[in-house]
Number of protein chains: 2
Amino acid sequence: MSATESLVLVIEDEKPIRCFLRAYLERRDFQLIEAEDGEEGLALAAEHRPALVLLDLGLPGLDGVEVIRRLRGWSATPIIVISARGKEQDKVDALDAGADDYLTKPFGVAELAARMRVCLRHSATRSKDDQQGVYRSEELFVDLAKRQVRLNDREVRLTKIEFKLLSYLMQNVGKVVTHRQILKAVWDSDRADQLHYSRIYVRQLRSKIEPDAAAPRHLLTETGVGYRLVG
Amino acid sequence: MSATESLVLVIEDEKPIRCFLRAYLERRDFQLIEAEDGEEGLALAAEHRPALVLLDLGLPGLDGVEVIRRLRGWSATPIIVISARGKEQDKVDALDAGADDYLTKPFGVAELAARMRVCLRHSATRSKDDQQGVYRSEELFVDLAKRQVRLNDREVRLTKIEFKLLSYLMQNVGKVVTHRQILKAVWDSDRADQLHYSRIYVRQLRSKIEPDAAAPRHLLTETGVGYRLVG
DNA sequence: TCAATTTTTACCAAATTTTTACATTCCTGG
DNA sequence: CCAGGAATGTAAAAATTTGGTAAAAATTGA
């Protein structure tokens, strides 16, 4: 089944474990790339689009759960957490943040390999387009992973909230998202009926990603319901 | 339709554990059905099509791994194995046979619930492309989930009420719906005899989804009764 | 502190819904 | 088969809701 070599990204700060995983997994026809911390891991994931991510939670710098969240912002690639922390709450947090599995150290490599196969089996049945988090049209290009937006090859700078809004719209490209959904996703659920927030930020976003903000081509209004990013 | 209530099949011979799971999971908006052995489990799965299966491996009679294999013969429903056996080879065998996760007793219920959410998350993203809420004819295409309507490949924009009306008609495609039913479904039951509302909106809808509104091909009048969307 | 960003406020324009009015079609009984 | 009332179609206005816009105030981060 693994006739095609699957690319696996290992995000782990302890070198011995990395070496150990490399030795074992390369014999099993996995191709490995390694990162020592969360930032590097996210960058490598954006660049190489691995089929699977093995993530240590006890990383220096960026929090592990935060790495999961950020990755999930633009990618559906399976994430298996490997951690020394065995507390139940740690597991729940990681899994709810978007991880697909959680292994506590020490673990058997045969079990790890089996769980990796489960993950790859899942993504095989799902769509094979690994261009998630990327939007293209004639004039607009967005890469969520690299946080890059270009309008007619001109770099566009988005603020944090503008970017979060665009992210959410891209995750539902083609579909209409209601004002409520937007407010809950971009702000918190408390402000789910402060209807004007979305209006104002849609306007700002349009002024940046639409060639003509008065006649939007990408971010359309569905009066009485919400907005839609055409796909 | 309460989308939150997922049907879970528990295949477990020890009654105390079944009771324990029931007590915990029913509070979490899961609906449970129980089986005491593999045969019964497979029969119940075939009959009720649960969204998730919790399977104990140490069952009397039919071997646990065999249950997984048989279930996988005709179903892709997620399977979480719960087992007292913690040997690595047991895990590998179960996962490779088609299980999605493997928990060793004793386990925390919060972790179990989190892992169940992971499984349901997976099947949610997969089964999104089902053909529910889609209408096709030679010239007309409607996708309720995406809130998208096309007439001869031309995007058609519907207002909130027009869309609600079309939704309701699609839910009863082929059948005649009375004016009263329409008014109650699209407006509130107070206005159930403001008969002219439906007339006016049927007209507007026709002008948008019929190639020739004067000679409707999809949305037909049943004089004296109501309207019908041909299926 | 200053510049950038987010939050708040206010007002105007556009889209949609509701109301009103009248025309046309359908169907039944004579 | 034809008249006449009921049912349905059509048009356009008034009323209301919703969205777009501008700009000031508050907050944040370097």
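Naming convention: chains lettered A, B, ... in sequence-line order (proteins, then strands); numbering from 1 in each chain.
- Distances shown here put every side-chain N or O of A:Thr221 at or beyond 4.0 Å from the OP1 or OP2 atom of D:dT18.
- The shortest non-hydrogen separation linking B:Ser6 to B:Leu120 is OG-CD1, 3.9 Å.
- Shortest non-hydrogen contact noted between B:Val134 and B:Met170 is C-CE, 3.8 Å.
- Atom-to-atom, CD of B:Gln204 to P of C:dA15 comes out at 15 Å; the value is rounded to the nearest Å.
- Nearest nucleotide to the side chain of B:Ile200, out of D:dA11, D:dT21, C:dT17: D:dA11.
- Atom NE2 of A:His196 and atom P of C:dA13 are 21 Å apart (whole Å).
- Salt-bridge check for A:Lys105 with A:Asp56: passed, with a basic side-chain N closer than 4.0 Å to an acidic carboxylate O.
- Of the side-chain N and O atoms in B:Arg206, one or more sit less than 4.0 angstrom from OP1 or OP2 of D:dG9.
- Among the protein residues, A:Leu195 comes within range of the sugar-phosphate backbone only, with heavy atoms under 4.0 Å from sugar or phosphate atoms but none that close to a base.
- Between A:Lys160 atom NZ and C:dT6 atom C1' there is a gap of 11 Å when expressed in whole angstrom units.
- For C:dT25, neither phosphate oxygen OP1 nor OP2 lies less than 4.0 angstrom from any side-chain nitrogen or oxygen of B:Thr223.
- Put simply, B:Arg157 has no side-chain N or O that comes within less than 4.0 Å of OP1 or OP2 on C:dA15.
- Using a 4.0 Å cut-off on heavy atoms, the residues of residues 184-192 of chain A that approach DNA chain C are A:Trp187, A:Arg191, listed by number.
- Between the CZ atom of A:Arg203 and the P atom of C:dC12 there is a distance of 16 Å, given to the nearest Å.
- In terms of phosphate contacts, B:Tyr197 brings no side-chain nitrogen or oxygen within less than 4.0 Å of OP1 or OP2 of C:dT18.
- Remark: C1' of D:dT21 and CG of A:Asp212 are 15 Å apart, rounded to the nearest angstrom.
- In this structure, A:Glu139 pairs ionically with A:Arg217, as a charged nitrogen and a carboxylate oxygen lie closer than 4.0 Å.
- Distance CG (A:Leu205) to C1' (D:dG19): 16 Å, rounded to an integer number of Å.
- Remark: the B:Arg199 side chain and the D:dG9 base include a donor-acceptor N/O pair separated by less than 3.5 Å.
- Across the protein-nucleic acid pair, A:Tyr201 atom OH and C:dT5 atom C1' stand 6 Å apart, rounded to whole Å.
- When all heavy atoms are compared, the tightest approach of A:Lys208 to A:Leu151 is O-CD2, 3.5 Å.
- Ionic pairing of A:Arg150 and A:Glu155 is not present here: no N-O contact between side-chain nitrogen and carboxylate oxygen is shorter than 4.0 angstrom.
- At D:dT8, one or more side-chain N or O atoms of B:His179 fall inside 4.0 Å of OP1 or OP2 (strictly under the cut-off).
- Straight-line distance from the CG atom of A:Leu165 to the P atom of C:dT7: 13 Å, rounded to whole Å.
- Just one of B:Arg115, B:Arg121, B:His122 meets the side-chain hydrogen bond (donor to acceptor under 3.5 Å, both in side chains) condition when paired with A:Asp100; it is B:His122.
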